Every structure is written in structure tokens, then in C-alpha cells.
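Treat the numbers as computed from the prediction; the structure is a model and nothing was measured. Counting starts at 1 for both ligands and their atoms, following the listed order.
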Amino acid sequence: SSENSCSISAEKVGQIRPKTPLLNILHEAGASGEHFTLKEVMHYLGQYIMLKQLYDQQQQHIVHCGNDVLGKVFGVQSFSVKDPSHLYEMLSRNLRTTNF
Ligand SMILES: C[C@@H](c1ccc(Cl)cc1)n1cnc(-c2ccccc2)c1-c1c(C(=O)NCCN2CCN(C3CCCCC3)CC2)[nH]c2cc(Cl)ccc12
């Protein structure tokens with residue numbers, strides 16, 4: 001039979017698998033499971049920043065995460081949402097497989 005012996009299952013190819021501390025943050029923001037698209041990870045991180053009120057009220061593109069587990073996960077006290085490359089670099093250190 002032309003059985004597919006490939007062991008890579010379709011739903012996992014190109015998926016992002018966050019390491020545990022980041023996974024816990026995504027779950028706190030309402031995510032479930034362990035495999036996400038990049039779009040889903042960014043969506044839930046945005047939700048997390050909102051619900052924890054980590055963004056600066058005056059300069060709303062600045063995120064202050066030094067007193068939050070997000071700061072430990074990203075390794076910074078604060079960051080700007082206007083610097084996507086820095087953001088993705090911090091994110092990539094928290095993924096199980098290098099999808100970048
Ligand atoms: C375009 C997008 C983005 C997406 C990726 C990147 Cl690498 C940069 C930027 N973005 C633009 N501003 C934000 C943002 C700013 C402050 C607080 C929360 C989110 C976001 C982020 C989203 C998001 O999914 N955004 C949906 C629309 N946002 C508009 C901003 N809105 C709030 C801005 C603060 C005041 C209240 C509304 C929330 C919905 N996810 C993120 C996750 C992180 Cl680790 C960092 C930032 C974001």
C-alpha cells in the first residue's frame with residue numbers, strides 16, 4: 001500500500017513550540033496546547049501585555065516587563081513594540097525548535 005511512512009505529522013510542520021516559561025505566559029493569556037503559529041504567539045503575547053497592563057500609559061509602544069515573568073523570559077527590563085527584529089530575537093530564544 002502507498003502508506004505514508006513519513007514521521008513528520010502535518011499539523012506540526014512549521015509550528016512553533018514555546019519553551020515552558022513562555023508557554024505558561026501564553027496559557028495565562030488564554031492559549032491552549034503546545035503548538036502555535038507565529039501569529040498566534042504574537043496575538044497571545046499582546047493579550048498578556050494588555051491584561052497585565054505592562055505597556056506604558058504615556059508611551060504606549062513601550063512595554064515595561066522588568067517586574068514580570070515576561071522580563072525574565074525576554075531577558076530585558078523593557079522593550080519597544082516598534083523594534084520587531086529585537087522582539088523576534090528575544091522570542092526565538094524561547095522556542096524549542098529554530099523556526100527563524
Ligand atoms: C502590531 C503589533 C505588533 C506585533 C508584533 C510585533 Cl513584533 C510588534 C508589534 N502590536 C502593536 N502594538 C502592540 C501592543 C502594544 C502595547 C500593548 C500590547 C500590544 C502590538 C502587539 C501585538 C498584537 O497582537 N497587537 C494587536 C493590535 N494591538 C494594537 C495595540 N493595542 C494596544 C496598544 C496599547 C494601548 C491599548 C491598545 C493592542 C492591540 N502582539 C504583541 C506581542 C508583543 Cl511581545 C509585543 C507587541 C505586540
Determine whether Tyr88 and Leu38 make a side-chain contact, defined as any pair of heavy atoms from C-beta on separated by less than 4.5 Å.
yes
Quick one: side chains of residues 43-56, donor-acceptor pairs under 3.5 Å with protein atoms, not counting sequence neighbours, listed by atom name and distance.
unit_1, atom_1, unit_2, atom_2, d
Tyr48, OH, Lys52, NZ, 2.9
Tyr48, OH, Asp68, OD1, 2.6
Tyr48, OH, Asp68, OD2, 3.1
Lys52, NZ, Asp68, OD2, 2.9
Gln53, OE1, Gln57, NE2, 3.2
Gln53, NE2, Met50, O, 3.2
Asp56, OD1, Gln58, N, 2.7
Asp56, OD1, Gln59, N, 2.8
Asp56, OD2, His64, NE2, 2.9

Taking atom CG of Leu22 and atom CZ of Phe36, what is their separation to the nearest 0.5 Å?
8.5 Å
Strictly less than 4.0 Å: does any protein heavy-atom distance to atom 32 (C) of ligand 1 fall in that range?
yes
Does any N or O in the side chain of Arg17 come within less than 3.5 Å of the main-chain N or O of Glu34, such that one atom is a donor and the other an acceptor?
no
The closest protein heavy-atom partner of atom 12 (N) of ligand 1 is Val81 CG2, 4.1 Å
Closest approach of any protein heavy atom to atom 5 (C) of ligand 1, naming residue and atom:
Met42 CE, 3.5 Å
Heavy-atom proximity to atom 36 (C) of ligand 1 ranks first, among Gln53, Met50, His61, for Met50
Counting from 1, what ligand 1 atoms have a heavy atom of Pro84 closer than 4.0 Å?
7 (Cl)
Does the protein come close to atom 8 (C) of ligand 1 - that is, does one of its heavy atoms sit below 4.0 Å from that atom?
yes
Considering non-hydrogen atoms of the protein only, which is the closest contact for atom 21 (C) of ligand 1, and what is the distance?
Gly46 CA, 4.5 Å
The closest protein heavy-atom partner of atom 43 (C) of ligand 1 is Ile49 CD1, 3.7 Å
Side-chain heavy-atom pair Leu87, Phe74 within 4.5 angstrom cut-off:
yes
Nearest to atom 44 (Cl) of ligand 1, what protein heavy atom do you find, and at what distance?
Leu87 CD2, 3.4 Å
Between the CG atom in Asp83 and the CD1 atom in Ile62, the distance rounded to the nearest 0.5 Å is 10.0 Å
Near Tyr88 (heavy-atom distance under 4.0 Å), the atoms of ligand 1 are 7 (Cl)
Using side-chain heavy atoms (C-beta onward) and a distance below 4.5 Å, is Ser80 in contact with Val63?
no
Min over His86, Lys39, Gln59, Gln60 of heavy-atom distance to atom 16 (C) of ligand 1 lands on Gln60
Side chains of residues 25-33: which donor-acceptor pairs under 3.5 Å do they make with residues two or more places apart or in other chains?
unit_1, atom_1, unit_2, atom_2, d
His27, NE2, Gly33, O, 2.8

With a 4.0 Å cut-off, strictly under, does atom 26 (C) of ligand 1 pick up any protein heavy atom?
no
Side-chain donor-acceptor contact under 3.5 Å, Asn94 with Ser92:
no
Can you tell me if Tyr48 has a non-hydrogen atom under 4.0 Å from ligand 1?
no
